[in-house]
Protein chains: 2
Amino acid sequence: MARKPAEQSVNRLDILLAAANVFRRKGYHGAKMSDIAAEVDLTAGSLYHHFPDGKQQILIEVLNEGLDQITAEVQAVVDDNTLMPDEKLRKVIYTNILGLTHNTSVAAALVFETRTILENPEARKAYLKRRDSFEQLYTHIIQEGIDAGIFRQVDVPIFTKTILGAHNWVGVWYREGGRLTGEQIADEMSNTFLAALSPVQVPEAKH
Amino acid sequence: MARKPAEQSVNRLDILLAAANVFRRKGYHGAKMSDIAAEVDLTAGSLYHHFPDGKQQILIEVLNEGLDQITAEVQAVVDDNTLMPDEKLRKVIYTNILGLTHNTSVAAALVFETRTILENPEARKAYLKRRDSFEQLYTHIIQEGIDAGIFRQVDVPIFTKTILGAHNWVGVWYREGGRLTGEQIADEMSNTFLAALSPVQVPEAKH
DNA sequence: AAAATAATCAAATCATGATTTAATTATACC
DNA sequence: GGTATAATTAAATCATGATTTGATTATTTT
């Protein structure tokens, strides 16, 4: 019969967080199991009690947790039908960036370590599917706005990747206690992208 | 007395390019010296003839070469005084993105492997200085445009990082033979950022 | 064609770090 | 209190991969 886990012992989530921190500092390959273990006052071997499948499994779960979390938050905004596309996009950007700045370790893992997980064929497929869904949240809003005539005609996939690239990068350079808060950064960036979608005439390139 | 290097033997640049390719596929830590060597038909040991300081030195040179190259190209545009700030920014974005799409391996290294080099105290300082200079090229143009009144007031550092984040990300997702050419992507993205800088009124956020 | 140096290789080293194993200790359940 | 299971550890394994070493082969220079 199942029994309740001990109260004071480390749990999986603690370890995932610890791992994300170490990954951020040293990268996945540079992170020793003993580094992760030390972060939660364990020895390397003990980690295998919680994650029998070892190091890679830990990374996979860090990324899945992180992506699911941010997806859920963004999804909630998307589902709010009281918002117009422009308000929705602003709020989504805001939510996404705050999510990143509030958990920079996981954010960095999502940027830097995704490639590692992709080398694992099983994990790869599932992960890419998740990531596509996330990207879809953005493309939908943008397309909606274009269809409604409140955004100018842009190439939706490229515009989406432009936003996401800018976001991802925030997770890399943002430091707590810097010149601007996460909120201010989110404001500034949502202004930028909404201005970029403003349906006024844009002088065309001639090269 | 110095003698000319043998004609047919591999040279340092070949190796750097090969290394960048392997780094792109497997990441720095995942790349074996033997992988890099195989790419140029050598054995692992032979690489030490060309790079006595070993693997990390190879990475450092890949990044330095890559950054210097792209910096030089962008600098050339910045130095062209016949261009107005908006034209200049458009051209800089264009140049930068084409640089990335034309050498995706190095581009990916610049995004993913910079962290590795930063752990090396000596390389760190020099590299950060270079990277700052590069960023300055963008901030200067943007500030110029604002001062000239043809760009709206944005937070220049954030806007710069927004552009650079979007650019970096191109190096990650771009694939030769995809739906759009590098030129089309560059066009689309420069339209985006110029629109974002257009000095029309932007509806303010209220949260 | 010698002599000198460059380029390369195959086979050691050497270090590191993930994972396994065999206990040991702690906690929950009855 | 006693037993089953969870949590943890210390000490092996085991594998991998960077680097070194001591030849061997190529190329250049004179």
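What's counted below: heavy atoms across the whole structure, side chains too, no hydrogens, waters or symmetry copies. Just so it is clear: chains get the letters A, B, ... in the order the sequence lines come, proteins before strands, and each one is counted from 1.
D:dA7 atom P lies 11 Å from atom CG of A:Leu42, rounded to whole Å. Whole-Å rounding puts the A:Asp53 CG to C:dA18 C1' distance at 14 Å. The separation between B:Asp41 atom CG and D:dT25 atom P is 19 Å, rounded to whole Å. The nearest whole Å value for the distance from the CD1 atom in A:Ile58 to the P atom in C:dA18 is 10 Å.
Within the 3.5 Å criterion, the main-chain N or O of B:His102 finds no donor-acceptor partner in the side chain of B:Tyr174.
In this structure, the nucleotide among D:dT19, D:dA10, C:dT20 sitting nearest to the side chain of A:Thr43 is D:dA10. Distance from the side chain of A:His49 is smallest to D:dT8 among D:dT19, C:dC9, D:dT8. The side chain of B:Tyr48 sits closest to D:dT19 out of C:dT8, C:dT20, D:dT19. You'll find that the side chain of A:Lys55 is closest to C:dT19, out of C:dT8, D:dA18, C:dT19.
No hydrogens or angles considered: a donor-acceptor pair under 3.5 Å links the side chains of A:Glu73 and A:Gln69. No hydrogens or angles considered: a donor-acceptor pair under 3.5 Å links the side chains of B:Gln57 and B:Glu61. When only modelled atom types and interatomic distance are considered, A:Ser133 and A:Gln136 share no side-chain donor-acceptor pair under 3.5 Å.
Less than 4.0 Å separates DNA chain D from at least one heavy atom of each of the following residues of residues 28-40 of chain B: B:Ala31, B:Lys32, B:Met33.
Salt bridge status for B:Glu188 with A:Lys161: absent, with no side-chain N to carboxylate O gap under 4.0 Å.
Among the protein residues, B:Gly54 comes within range of the sugar-phosphate backbone only, with heavy atoms under 4.0 Å from sugar or phosphate atoms but none that close to a base.
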Requested in this report: Show your reasoning for whether side-chain contact (heavy atoms from CB on, under 4.5 Å) applies to A:Asp155 and B:Arg179.
Outcome: CA-CA 11 Å; A:Asp155 183 293; B:Arg179 180 172 61 92; 2.8 Å; yes

